[in-house]
Amino acid sequence: MDLEILENKARKLRRDILKVVASAKSSHVGSMLSIIEILTYLFYEKMEFNRSNYKNKDRDKFILSKGHASLALYSILADKDIIDKSQLETYCKNGGKLIGHLDHSVEGVEISTGSLGHGLPIATGIALANKLDKLNNKTYCLIGDGECNEGSIWESFIFIANNDLKNLVVFIDANKLQGYDFCDKILPENRLINLLKSLDLNFYEIDGHNFSDLQKTFEKISSSDNNKASIILAHTTKGKGVSFMENKLEWHYKSPNVEELKNALEELR
Ligand SMILES: Cc1ncc(C[n+]2csc(CCOP(=O)(O)OP(=O)(O)O)c2C)c(N)n1
Ligand SMILES: [Mg+2]
């Protein structure tokens with residue numbers, strides 16, 4: 001793993017996202033910035049996912065269950081030339097194909113998401129189907145901590161625990177915030193963690209902005225000798241990388257004005 005390459009890529013993705021969100025005057029920039037290291041690690045280090053193989057049946061699959069962070073994935077697809085780079089400029093604009101919630105009609109997108117609680121059940125089904133087909137691939141799914149308030153997430157976890165889905169890795173983006181408040185004011189994180197531990201799956205807690213943590217966790221996953229799925233609770237910061245956006249509720253919905261964009265890009269030089 002080349003740390004410098006990954007860090008440069010993460011910075012580039014953050015810059016691309018900020019410019020597009022500012023131009024579109026759209027929401028959810030904080031939700032995108034918290035998952036950049038996880039996505040960078042998966043798409044540039046871990047998964048086999050590129051222009052030549054992304055349509056193969058036996059490729060690794062990635063499901064972004066928190067589909068309101070769609071632009072984070074679209075930016076990677078543009079960076080990998082799977083969609084046209086100029087398409088990013090049409091994001092959330094009239095007549096554009098890249099809408100604010102993830103859309104599977106876009107090349108490289110597995111399923112449409114945005115209604116919270118749907119991505120994990122579908123990822124679970126994909127992992128089960130791939131296991132039955134004896135494919136040697138993995139399915140990765142990324143859900144939000146607020147999204148864990150959805151009942152369908154827990155139906156999925158119980159099903160996952162009962163079905164030996166070793167080929168499934170679920171990330172929880174624990175950025176401590178959801179749409180209208182801090183998660184702890186709604187359902188405290190320690191309850192969530194206790195419930196996750198009770199599932200008896202492979203459970204890891206990491207710093208979700210630390211590439212070495214990500215790498216070490218995947219080493220543990222590949223050396224584990226059981227058939228269980230893995231859950232990685234990644235502690236992250238909403239708005240990560242832009243000091244005035246970090247851990248601030250308003251950046252769930254707000255988009256940066258000209259001055260704010262300039263200051264944000266300055267921090268990410
Ligand atoms: C079923 C459903 N209810 C409500 C919403 C509106 N909504 C969009 S994002 C969001 C907050 C999600 O919080 P979290 O999962 O923690 O993601 P974060 O924004 O922190 O990345 C809400 C309530 C939705 N998209 N789907
Ligand atoms: Mg959250």
Side-chain angles (χ1 to χ4, degrees), residues 1-2 5-6 9-10 12-13 16 32 35-67 69-88 91 97-99 101-114 118-143 156 159-160 163-171 173 201-202 211 214-215 217-224 227-232 234:
M1 179 175 81
D2 188 326
I5 291 180
L6 292 181
K9 188 62 80 182
K12 177 196 184 290
L13 292 171
D16 290 351
M32 296 161 192
I35 58 174
I36 295 300
E37 279 76 18
I38 297 170
L39 292 189
T40 303
Y41 183 79
L42 284 178
F43 279 89
Y44 296 93
E45 181 69 22
K46 187 73 201 154
M47 285 199 298
E48 292 295 330
F49 189 94
N50 53 50
R51 248 178 91 84
S52 56
N53 79 351
Y54 77 93
K55 287 184 176 162
N56 294 354
K57 188 178 175 214
D58 60 352
R59 73 196 179 285
D60 290 336
K61 315 262 166 44
F62 174 74
I63 310 296
L64 181 62
S65 196
K66 42 170 269 185
S70 63
L71 178 59
L73 183 55
Y74 294 149
S75 300
I76 291 173
L77 297 176
D79 184 64
K80 284 183 174 266
D81 287 326
I82 289 171
I83 61 171
D84 203 286
K85 287 191 170 56
S86 64
Q87 241 189 301
L88 284 184
Y91 172 78
K97 204 165 177 262
L98 303 183
I99 58 173
H101 291 80
L102 200 58
D103 180 358
H104 76 280
S105 71
V106 176
E107 285 293 300
V109 174
E110 214 72 54
I111 60 157
S112 298
T113 50
H118 288 188
L120 183 59
I122 297 173
T124 304
I126 291 173
L128 178 65
N130 288 177
K131 178 186 160 185
L132 294 173
D133 285 345
K134 300 193 172 19
L135 300 186
N136 206 14
N137 63 347
K138 286 238 187 264
T139 297
Y140 301 97
C141 181
L142 173 50
I143 65 179
S156 306
F159 186 90
I160 291 164
N163 279 277
D164 285 347
L165 296 179
K166 191 184 173 60
N167 57 349
L168 177 65
V169 178
V170 183
F171 281 94
D173 173 31
L201 294 168
N202 296 322
F211 288 118
L214 283 157
Q215 189 183 37
T217 306
F218 275 98
E219 281 165 8
K220 284 185 201 155
I221 289 174
S222 51
S223 64
S224 84
N227 284 323
K228 297 171 184 179
S230 296
I231 303 174
I232 303 176

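Just so it is clear, the structure is predicted and the values come from calculations on it, not from any experiment. Note: hydrogens, waters and symmetry copies are ignored here, and every other heavy atom, side chains too, is used. Counting from 1, the numbers follow the sequence of the chain as shown.
- Interatomic distance, CD1 of Ile83 versus NZ of Lys97, reported as 9.0 Å (0.5 Å rounding).
- Side-chain contact check for Ser224 versus Lys166: some heavy-atom pair is nearer than 4.5 Å.
- Note that the OG atom of Ser230 and the CG atom of Asn202 stand 4.0 Å from one another [nearest 0.5 Å].
- Remark: the backbone N or O of Phe218 is not paired with any side-chain donor or acceptor of Lys46 at under 3.5 angstrom.
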Trace of the salt bridge (charged side-chain N to carboxylate O under 4.0 Å, His left out) decision for Glu107 with Lys80:
CA-CA 11 Å; Glu107 285 293 300; Lys80 284 183 174 266; over 6 Å; no
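- Within a 6.0 Å sphere centred on NZ of Lys220, other residues, nucleotides and ligands contribute 12 heavy atoms or fewer.
- Judged purely by atom type and a 3.5 angstrom limit, Asn53 uses its side chain to pair as donor or acceptor with the backbone of Glu48.
- Side chain of Ser112 to backbone of His104: a donor-acceptor contact under 3.5 angstrom is found.
- Looking only at distances, no side-chain donor or acceptor of Asp60 sits under 3.5 Å from a matching main-chain atom of Asn137.
- Side chain of Asp84 to main chain of Ser86: a donor-acceptor pair is present (N/O by atom type, distance under 3.5 Å, no hydrogens or angles).
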Applying side chain to side chain donor-acceptor pair (under 3.5 Å), run through Asn130 and Lys61 and close with a yes or a no.
CA-CA 10 Å; Asn130 288 177; Lys61 315 262 166 44; 3.0 Å; yes
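- Using a 4.5 Å heavy-atom threshold, the side chains of Glu110 and Phe62 count as separate.
- Between Tyr54 and Ile82 the shortest side-chain heavy-atom distance falls below 4.5 Å.
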Under the side chain to side chain contact (heavy atoms under 4.5 Å, CB included) rule, what do Leu42 and Phe171 come out as? Steps first, then yes or no, please.
CA-CA 11 Å; Leu42 284 178; Phe171 281 94; 3.9 Å; yes
Please test Leu73 against Val106 for side chain to side chain contact (heavy atoms under 4.5 Å, CB included), starting from the C-alpha separation and ending with a verdict.
CA-CA 11 Å; Leu73 183 55; Val106 176; over 6 Å; no
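- Checked by atom type and distance alone, the side chain of Thr139 never pairs as donor or acceptor with a backbone atom of Ala123 at under 3.5 Å.
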Carefully, step by step, assess Tyr44 and Leu13 under the rule side chain to side chain contact (heavy atoms under 4.5 Å, CB included).
CA-CA 12 Å; Tyr44 296 93; Leu13 292 171; 4.3 Å; yes
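- Asn50 places a side-chain N or O within 3.5 Å of a backbone atom of Ser52 that can act as its donor or acceptor partner.
- Distance check: Ile231 CD1 to Leu201 CG gives 4.5 Å after rounding to the nearest 0.5 Å.
- Once rounded to the nearest 0.5 Å, the distance linking CG of Leu64 with OH of Tyr74 reads 9.5 Å.
- Atom-to-atom distance recorded for Ile76:CD1 and Asp16:CG is 10.5 Å, nearest 0.5 angstrom.
- Without hydrogens or angle criteria, Ser65 side chain to Ile143 main chain gives no donor-acceptor distance under 3.5 Å.
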Side chain to side chain contact (heavy atoms under 4.5 Å, CB included) evaluation trace for Leu39 with Leu142:
CA-CA 9 Å; Leu39 292 189; Leu142 173 50; 4.1 Å; yes
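- Aromatic ring centroids of Phe49 and Phe43 lie under 6.0 Å apart.
- No donor-acceptor distance shorter than 3.5 angstrom exists from the side chain of Thr40 to the backbone of Leu6, with no hydrogens or angles considered.
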